[in-house]
Amino acid sequence: MADYEYLVLSFGRETDRGTIRRALTDHAEYGHWELARTRTYMGGLTRTWLRRRIIRARRASVPSGR
């Protein structure tokens, strides 16, 4: 099972779609985030959840003969 870390971005009703799209594109391109969910609430607030996979480094094996 993959582990993810999440980033939540909130945009007010005065923020236009072009600005939101630009912010999401920048996070995806430079931070390796992917879109997980977007909700637009009745007051005009847009909340977006981004996620990216957590890559865990494996410990190198040490030969037992040493």
Side-chain angles (χ1 to χ4, degrees):
M1 182 97 179
D3 290 330
Y4 292 96
E5 62 178 317
Y6 289 88
L7 173 67
V8 180
L9 301 175
S10 296
F11 302 97
R13 68 180 306 156
E14 68 281 347
T15 309
D16 61 26
R17 290 187 185 269
T19 304
I20 295 172
R21 184 181 314 118
R22 199 170 321 117
L24 295 177
T25 301
D26 287 344
H27 277 86
E29 187 172 342
Y30 301 114
H32 304 287
W33 293 95
E34 63 183 28
L35 183 64
R37 180 179 181 180
T38 298
R39 298 264 330 233
T40 302
Y41 297 95
M42 285 204 321
L45 176 74
T46 300
R47 187 165 286 155
T48 303
W49 286 261
L50 302 174
R51 72 178 187 178
R52 66 180 169 190
R53 188 179 302 256
I54 297 173
I55 300 173
R56 303 204 189 279
R58 291 189 180 177
R59 184 178 252 178
S61 300
V62 178
S64 60
R66 291 187 171 193

A.B. asks: If you look only at pairs with a residue in residues 17-30, which of them pass as a side chain to side chain donor-acceptor pair (under 3.5 Å), with sequence neighbours excluded?
C.D. replies: Asp16-Thr19
A.B. asks: When rounded to the nearest 0.5 angstrom, what distance separates CD in Glu5 from CG in Leu7?
C.D. replies: 8.5 Å
A.B. asks: Let me confirm one number: the CG-NE2 distance from Leu50 to His32, rounded to the nearest 0.5 Å.
C.D. replies: 13.5 Å
A.B. asks: Looking at side-chain heavy atoms only, is the closest gap between Ile20 and Leu9 below 4.5 Å?
C.D. replies: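 Counting from C-beta outward, Ile20 and Leu9 never come under 4.5 Å.
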A.B. asks: Among Thr40, Thr48, Thr38, find the one that has a side-chain contact (heavy atoms from CB on, under 4.5 Å) with Phe11.
C.D. replies: Thr48
A.B. asks: What residues form a salt bridge (Lys or Arg N to Asp or Glu O under 4.0 Å) with Arg37, not counting sequence neighbours?
C.D. replies: none
A.B. asks: For the hydrophobic clusters of this structure (ILVMFWY residues joined by side-chain heavy atoms under 4.5 Å, transitively), does one cluster hold both Tyr4 and Trp33?
C.D. replies: no
A.B. asks: Which atom pair, heavy atoms only, marks the closest approach of Arg51 to Glu34?
C.D. replies: NE-OE2, 2.6 Å
A.B. asks: At their closest point, which heavy atom of Leu45 faces which heavy atom of Ser10, and how far apart are they?
C.D. replies: CD1-CB, 4.2 Å
